[in-house]
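The figures that follow rest on heavy atoms only: side chains count, while hydrogens, waters and symmetry mates do not. Since this is a predicted model, take the numbers as computed values, not measurements.
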Amino acid sequence: MIAVDAASSALAGLLPPASEPDGVNVMTPPAADLMDAWLTSRPASARVRGQSQKAPAGALRFAFYGRMSTVEYQDDLSSRGWQRDSALHLIAGYGVIVASYFDAGCSRSLPWSRRPQAAALLAAVADPGRPFDAIVVGEFERAFSTRQFEGLLPFFDEHGVGLWLPEMGGPVDSGDSVHQAMMLMLGQQSQREILRARFRTTAAMRVQARDQGRHLGGRPPYGYRLVDAGPHPNAAHARWGRRLHRLDPDPVTAPTVRWMFAQRLAGWSVAGIARTLNANGTLSPSAYDRARNPHRAGTSWTVRTVAAILENPRYTGRQVWNRQGIDHHEVRPGDKTSRPGGRKPSHHWNDRDQWVISTAVVHPPLVSEQDFLRAQQISALAVPDDANPHRYQLTGLLICGVCGRRLEAQWVHGRAGYRCRHGYTSGRDVRPDRAKILYLREDQVVAEACRQLAHHTGVDQRDLDGGELGRQLRWRGYTLLCTPVSITLDIGEDTACASTDVPAPQPSEARTRADDEPETSPQSGQLPLPGLSVIPHQRRKAFNPHQNHQKRE
């Protein structure tokens, strides 16, 4: 009875009187506020059944810091709540939280200076008038990664701000060797979790694609659409309403894919298929699905688009995964801060032996496996007789004097050559006003370029073969301006010995220039020999073929 009276008296102290003496009613606090006050109030007795009473140690003021990695896949309220509850449990009896800093959508590998709320917390720590005495976090890995802790703890000590961690059961002592070792272990554990999550995710996706044939997300390939495939195999996810999806032929685009494979097997070239699709007005994949392709022009079919469809084994009815990989560019795996400056994760095409293909047919095929494999044997690429790769001496050094593009290397009639199609592709029909394609043989270009370079620099022409010519031109920053009637050495602004990866070529022993013999410098950006037509053009810095011509589709 005594305990009941004491509790009733404590609760009565929290409740305001129902009315004033003059009869004016006073607003009663909401029921939720009354319950919170009752839960947090202590009974009159100093003894709590089952545990001893902990005396407050100084009533510290704490700043809470928390973080969650993603916004799309995590609940801000629940993530913030459990971290704050963990921090409150740690500081119970020692103080209260007076400030809160929480970063949403920030990776743990980002330094505190690049997290908005963490950067604000650092600024508050440096302020002598800060409203808190210490910092508390709900979990080490929510705040720190790898060795971030080592750089922040001296900063906190310098400004007299303590750091409380649940893993340490209280404040961290920077002078304690045990605490230092514990911090290093927690940092490595945080980095290990990133690598472990990557491994477990990719391993699970490999099994799901190979053994279950599941669609693992992403847009469906051209010719297919996504349809419902039943409840999620995980019972909990199924109860939440999550569903699987699978590929099903699109009634609008599937006939186009079947036609493409049929024409390829009939002997059509990839370029011929693209030209026919454009002539018939068939919408390209990016034009058909503009909602998911706003970054593409979507104007026409290209040779590469047709080739990608003909090379995709998903049209055989099997699920395929890991055709593309991701390179994180991390010097230390799992540590995003170890990337070179400005680098971001990039995607690349994996080799065929790394692809994961389902063991069974899991969606309606648009082409049989036999026809798909037959289509892969059709190729327009000539295989060298000696099985050696083709070598080009002047790649990137030839500029088209008609359109300003760089000539592309091409093996023609058993020898190296270069060509420029002036921005046209074989996926379009030839227009009457189209400029004639420029073709040049490498041996003819080398002979003429050696003669002009020797005339300009004094280097013995006999020492300039194809390989040495390319080294000399790259080292000096020269290019060759090519037209159907001329090959002209373009020296631009003389920038010899400019920064380049090519070492400076050594002069020929048969002909060494005297130190006092100056190298003649022309007055203009071209140096044609007598008998060659002069093609006026801008100087090299403004005449960049990668900047001046319109972007290719």
Side-chain angles (χ1 to χ4, degrees), residues 69-70 72-74 107-109 141 145 188-250 257 285 292 307-336 338-339 343-370 372-373 375-376:
S69 302
T70 61
E72 296 85 358
Y73 302 102
Q74 291 178 280
S107 171
R108 77 183 70 179
S109 62
E141 295 176 353
S145 176
Q188 294 301 320
Q189 176 68 19
S190 177
Q191 184 176 2
R192 175 182 175 272
E193 183 183 354
I194 297 176
L195 297 176
R196 184 167 174 262
R198 288 181 186 176
F199 172 78
R200 293 179 63 182
T201 301
T202 55
M205 294 176 71
R206 181 180 299 274
V207 174
Q208 292 169 355
R210 183 190 61 208
D211 300 339
Q212 302 177 8
R214 285 172 54 178
H215 175 73
L216 299 178
R219 70 184 66 186
Y222 181 81
Y224 282 108
R225 61 181 180 178
L226 292 177
V227 297
D228 184 80
H232 198 280
N234 186 300
H237 289 280
R239 286 194 298 269
W240 296 337
R242 295 192 62 182
R243 312 282 294 180
L244 293 180
H245 295 86
R246 67 173 178 84
L247 300 179
D248 192 67
D250 187 340
V257 175
R292 288 183 297 185
I309 291 177
L310 296 175
E311 295 169 359
N312 193 344
R314 298 177 80 180
Y315 292 108
T316 63
R318 297 181 183 268
Q319 189 59 265
V320 184
W321 177 76
N322 202 39
R323 294 183 69 197
Q324 277 192 332
I326 183 171
D327 188 353
H328 295 276
H329 304 291
E330 295 170 348
V331 178
R332 296 183 299 274
D335 185 3
K336 297 181 181 180
S338 64
R339 293 175 187 159
R343 295 298 298 272
K344 295 182 179 180
S346 60
H347 293 270
H348 61 273
W349 290 102
N350 290 327
D351 295 332
R352 190 184 305 169
D353 57 357
Q354 299 181 23
W355 298 359
V356 179
I357 300 181
S358 62
T359 56
V361 175
V362 294
H363 54 259
L366 299 184
V367 62
S368 66
E369 293 186 5
Q370 294 78 7
F372 176 81
L373 295 177
Q376 307 314 301

Shortest non-hydrogen contact from [X] toward [Y]:
{"X": "Gly218", "Y": "Leu226", "result": "O-CD1, 4.3 Å"}
{"X": "Arg314", "Y": "Arg219", "result": "NH1-O, 4.5 Å"}
{"X": "Pro313", "Y": "Val320", "result": "CG-CG2, 3.7 Å"}
{"X": "Pro221", "Y": "Asn312", "result": "CB-ND2, 4.0 Å"}

Min side-chain heavy-atom separation [X]-[Y] under 4.5 Å:
{"X": "Arg246", "Y": "Val362", "answer": "no"}
{"X": "Pro249", "Y": "Val257", "answer": "no"}
{"X": "Glu369", "Y": "Arg318", "answer": "yes"}
{"X": "Pro220", "Y": "His245", "answer": "no"}

Hey, what do you get for [atom1] ([X]) to [atom2] ([Y]), rounding to the nearest 0.5 Å?
{"X": "His215", "Y": "Ser358", "atom1": "NE2", "atom2": "OG", "answer": "13.0 Å"}
{"X": "Asn322", "Y": "Gln354", "atom1": "CG", "atom2": "CD", "answer": "6.5 Å"}
{"X": "Met205", "Y": "Arg210", "atom1": "CE", "atom2": "CZ", "answer": "13.5 Å"}
{"X": "Trp355", "Y": "Trp349", "atom1": "CH2", "atom2": "CH2", "answer": "8.0 Å"}
{"X": "Leu247", "Y": "Leu366", "atom1": "CG", "atom2": "CG", "answer": "9.5 Å"}
{"X": "Arg214", "Y": "Trp321", "atom1": "CZ", "atom2": "CH2", "answer": "12.5 Å"}

Hey, can you tell me if Tyr315 and Tyr224 have their rings parallel, tilted or perpendicular (30° and 60° cut-offs)?
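Taking Tyr224 first and then Tyr315, their aromatic rings lie parallel (interplane angle under 30°).
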